[in-house]
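Small disclaimer: the values here were computed from a predicted structure and weren't measured. These numbers come from the heavy atoms of this one structure, side chains and all, not from hydrogens, waters or symmetry mates.
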Amino acid sequence: MYINLSDLKEVGARKQVELELEFHNFEFANREIEIKDPIELELEIFNTTDSYVVEGEIKAKLILSCSRCLQEYNSTINLDLTENVVKNEMEDQEELYLDEIIMDNIILSLPMKPLCSEDCNGICPQCGQDLNKGECDCEVEILDPRLAKLKDFYDEEQ
């Protein structure tokens, strides 16, 4: 998406932009990031001597996959945006390309381990049952790998 900047010729000029932007789904760190609704943008663009300063807010509804139970869930993000776009690095100084700015800010806002809820129980490591929906009949022995040699030691004595 391009924003026309031809009306920001003078240093100190500013422009307000409010729009909804249809954005494509994308992949980041082997995770599919699905954008549910159009992204809402409220931006103010300032012309400075050597750059354009873009400030505002991004509102988006994402569909993420929980890292514990692997179920998809809705996540709403409200981001404050402040970007400094250097004029010398722009292809055309009369148009501002927003897609990279939006994508970078959404990626930076993603949690390292997305969770559908703080108390998500995940899945059973043996049968794959979603433990949020109910318990399974598997007996799972949780053994700290740092103590595995100690278990072998006690098994040899018996």
Side-chain angles (χ1 to χ4, degrees), residues 1-136 138 140 142 145:
M1 169 91 199
Y2 288 94
I3 300 290
N4 187 352
L5 301 176
S6 62
D7 52 344
L8 293 177
K9 296 275 186 212
E10 297 177 24
V11 173
R14 69 180 187 172
K15 177 179 187 172
Q16 289 190 335
V17 178
E18 289 185 28
L19 56 101
E20 288 188 353
L21 177 64
E22 289 286 336
F23 210 77
H24 53 86
N25 300 337
F26 59 94
E27 189 172 309
F28 174 71
N30 295 324
R31 293 190 290 179
E32 179 73 22
I33 310 302
E34 186 177 337
I35 299 175
K36 187 174 181 180
D37 294 326
I39 295 174
E40 297 176 22
L41 299 172
E42 293 180 17
L43 303 175
E44 194 164 15
I45 304 168
F46 301 94
N47 185 2
T48 65
T49 306
D50 57 350
S51 66
Y52 291 103
V53 177
V54 181
E55 293 181 343
E57 187 176 18
I58 299 173
K59 295 178 184 176
K61 294 180 183 174
L62 307 177
I63 299 177
L64 302 175
S65 180
C66 179
S67 62
R68 287 185 192 162
C69 67
L70 308 178
Q71 298 295 316
E72 290 185 343
Y73 70 97
N74 293 326
S75 176
T76 302
I77 57 170
N78 293 318
L79 303 173
D80 291 327
L81 173 71
T82 302
E83 289 284 331
N84 191 26
V85 182
V86 178
K87 291 178 182 177
N88 293 340
E89 296 175 2
M90 296 173 64
E91 287 181 27
D92 183 2
Q93 292 187 10
E94 300 225 348
E95 289 186 323
L96 176 64
Y97 186 62
L98 288 178
D99 289 7
E100 288 179 14
I101 295 171
I102 293 168
M103 189 180 302
D104 289 347
N105 280 278
I106 289 174
I107 288 171
L108 288 172
S109 74
L110 293 174
M112 296 274 276
K113 290 195 172 225
L115 296 176
C116 58
S117 69
E118 287 296 320
D119 57 343
C120 177
N121 295 320
I123 58 175
C124 173
Q126 289 185 334
C127 69
Q129 164 77 25
D130 185 349
L131 299 175
N132 294 317
K133 295 179 181 174
E135 294 293 320
C136 64
C138 298
V140 179
I142 300 173

Q. What are the two closest non-hydrogen atoms of Phe23 and Ile35, and how far apart are they?
A. CD2-CD1, 3.4 Å
(Q) What I'd like to find out is whether the side chain of Glu44 reaches to under 4.5 Å of the side chain of Phe46, using heavy atoms alone. (A) yes
Q | Evaluation steps, side-chain hydrogen bond (donor to acceptor under 3.5 Å, both in side chains), between Asn105 and Glu83 | A | CA-CA 10 Å; Asn105 280 278; Glu83 289 284 331; 3.2 Å; yes
Q. Distance-only, no hydrogens or angles: does the Ser67 side chain make a donor-acceptor pair with backbone N or O of Pro114 under 3.5 Å?
A. yes
Q.
Could you report the tightest heavy-atom contact between Leu41 and Ile58, atom names first, then the distance?
A. CD2-CG1, 3.6 Å
Q) What is the distance from atom CD of Gln126 to atom SG of Cys136, rounded to the nearest 0.5 Å? A) 7.5 Å
Q | Close side-chain approach of Tyr97 and Val85, heavy atoms under 4.5 Å | A | no
Q: Determine the minimum heavy-atom distance between Ser51 and Val86, stating which atoms define it.
A: CB-CA, 3.8 Å
Q) Taking the side chain as C-beta and beyond, is there a heavy-atom pair between Ile33 and Leu64 under 4.5 Å? A) yes
**Q.** Inter-residue atom distance Leu21.CG - Asp37.CG, 0.5 Å rounding
**A.** 12.5 Å
Q.
How close do Cys120 and Asn132 get, counting heavy atoms only, and between which atoms?
A. SG-ND2, 3.3 Å
**Q.** Approximate separation, where rounding is to 0.5 Å, of Leu110 CG and Leu108 CG
**A.** 8.5 Å
Q) Regarding Lys87 and Asn47, is there a side-chain donor-to-acceptor distance under 3.5 Å anywhere? A) yes
Q) Does Ile77 reach the side chain of Leu79, with side-chain heavy atoms less than 4.5 Å apart? A) yes
**Q.** Cationic N near anionic O, under 4.0 Å, Arg68 to Glu118
**A.** no
Q: Give a yes or no on whether Lys15 atom NZ has more than 12 heavy-atom contacts from other residues, nucleotides or ligands under 6.0 Å away.
A: yes
(Q) Do Ile3 and Val54 make a side-chain contact, defined as non-hydrogen atoms from C-beta onward lying under 4.5 Å apart? (A) no
Q.
Is it the case that over 12 heavy atoms from other parts of the model lie below 6.0 angstrom from the CZ atom of Arg31?
A. yes
Q) Counting only heavy atoms not in Glu27, do more than 12 fall under 6.0 Å of its CD? A) yes
**Q.** Heavy-atom side-chain proximity of Thr76 to Asn74 below 4.5 angstrom
**A.** no
Q: Could you tell me whether the side chain of Leu131 reaches within less than 4.5 Å of the side chain of Ile123, counting heavy atoms only?
A: no
Q: Any chance you could measure Glu57, atom CD, to Thr82, atom OG1, to the nearest 0.5 Å?
A: 11.5 Å
Q: Might you work through the salt bridge (Lys or Arg N to Asp or Glu O under 4.0 Å) test for Glu34 and Lys61, ending with a clear yes or no?
A: CA-CA 9 Å; Glu34 186 177 337; Lys61 294 180 183 174; over 6 Å; no
(Q) Looking at every heavy atom in both Tyr73 and Ser65, which two are closest together, and how far apart are they? (A) CE2-C, 4.1 Å
Q.
Going by the rule side-chain hydrogen bond (donor to acceptor under 3.5 Å, both in side chains), which residues pair with Asn25 if we only count those two or more places apart in sequence or in a different chain?
A. none
Q. Are Lys59 and Glu20 close enough that some pair of their side-chain heavy atoms sits under 4.5 Å apart?
A. no
(Q) Test side chain to side chain contact (heavy atoms under 4.5 Å, CB included) on Phe26 and Ile106; report intermediate values, then the result. (A) CA-CA 11 Å; Phe26 59 94; Ile106 289 174; 3.9 Å; yes
Q) Hey, what do you get for CG (Asn84) to CG (Asp50), rounding to the nearest 0.5 Å? A) 7.5 Å
(Q) Could you measure the distance from the CD atom of Glu42 to the CG atom of Leu81? Nearest 0.5 Å is fine. (A) 12.0 Å
Q.
On a heavy-atom basis, which atom in Glu94 and which in Asn4 lie closest, and how many Å separate them?
A. O-OD1, 3.3 Å
